[in-house]
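Just below is one structure, and these are the notes that go with it.
Basis for what follows: all heavy atoms, side chains included, without hydrogens, waters or symmetry-related copies.
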Amino acid sequence: MAVSTGVSFLLSLTLSIVLFASMQMFRVTLAEQQGLTILGGFLGSNLFIALLTALNNAENIVFGGGFQASVFPEVAICLGLAMFSASLVHRVSVTTCLVFSLVALFYVNRISSKEYSLPESASSQYAGTHKSKKFR
C-alpha cells in the first residue's frame, strides 16, 4: 500500500530521527562488543536510506514530481550524515555503515530502474529513429 509523497516524507523523517536518537542512546552498548559495532553500522545504513527517502520526497514536494536524486549532492549528503552518526558510536561502525549503505544503494537503484525505466519497446523505437553517420 503506497502513501503520498508528503506522508512518506514525514514517515521517513520520523524514522531518521528515531534511528539517530536510538543510536545515541545505546552508543555505549553498541561500542562494547564487536558484533554490536557491526549492528551500529547497519543502523547507520538504515539511517542513510531513511534520510535519502526524506530528502528525495522533500525535493519532489518543492520542485514537483519526477525529480530524481543524484549521486551528488543528495546521496553524498545523506551518506555523510549517516557515516557521521555512525562515527559517534564507534570507528568500525563507520566502515560497516559505508559498506551496508553502498549495498543498500545498489538494491534501491536496481528496484528504481525496474519500476521507473522506459519499456523496452519505447526505447527501441527511439533508437531506430536516428540514422548513424559513417565517417571515412
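Through ILVMFWY side-chain contacts below 4.5 Å, F72 is grouped with nothing and stands alone.
By the 4.5 Å heavy-atom criterion applied to side chains, L30 and L43 are counted as neighbours. Using a 4.5 Å cut-off on side-chain heavy atoms (C-beta onward), F9 and T5 make no contact. In this structure, the side chains of T29 and L36 come closer than 4.5 Å at one or more pairs of heavy atoms.
When hydrophobic clusters are built by joining Ile, Leu, Val, Met, Phe, Trp and Tyr residues whose side-chain heavy atoms come closer than 4.5 Å, directly or via intermediates, V94 is not grouped with V99. V92 and V89 are not part of a single hydrophobic cluster, where members link through side-chain heavy atoms under 4.5 Å apart. There is a path of hydrophobic side-chain contacts, each under 4.5 Å, that joins L102 to V75. Linking ILVMFWY residues whenever their side-chain heavy atoms come closer than 4.5 Å, directly or via other members, places L15 and I77 in the same cluster. A continuous path of hydrophobic side-chain contacts links L10 to I61 [ILVMFWY only; heavy atoms under 4.5 Å].
Applying the ring-ring contact (aromatic ring centres under 6.0 Å, His included) test to pairs two or more places apart or on separate chains, none has a residue in residues 17-41. Each ring-ring contact (aromatic ring centres under 6.0 Å, His included) pair with one or both residues in residues 31-70, not counting sequence neighbours, appears once here: F42-F100, F63-F67. Applying the side-chain hydrogen bond (donor to acceptor under 3.5 Å, both in side chains) definition to pairs two or more places apart or across chains, those involving residues 66-94 are S70-E74.
N60 pairs by the side-chain hydrogen bond (donor to acceptor under 3.5 Å, both in side chains) definition with nothing, not counting sequence neighbours. Every residue two or more places apart in sequence or in another chain was checked for a side-chain hydrogen bond (donor to acceptor under 3.5 Å, both in side chains) with E59, and none qualifies.
Not a single donor-acceptor pair under 3.5 Å links the side chain of S112 to the backbone N or O of V108. For S113 (side chain) and N109 (main-chain N/O), a donor-acceptor pair under 3.5 Å exists by modelled atom type.
Distance check, rounded to the nearest 0.5 Å: SG of C97 to CD1 of I38 gives 13.0 Å. Here the CD1-OG distance, from I49 to S12, works out to 11.0 Å after rounding to the nearest 0.5 Å. Here the CZ-CG distance, from R27 to L88, works out to 6.5 Å after rounding to the nearest 0.5 Å. Put simply, CG on N57 and CG on L52 are 9.5 Å apart, with the number rounded to the nearest 0.5 Å. A distance of 10.5 Å separates CG in L11 from OG1 in T53, rounded to the nearest 0.5 Å. Rounding to the nearest 0.5 Å gives a distance of 11.0 Å between CG of N46 and CG of L51.
The heavy-atom pair separating L47 from A82 by the smallest distance is CD2-CA, 4.1 Å.
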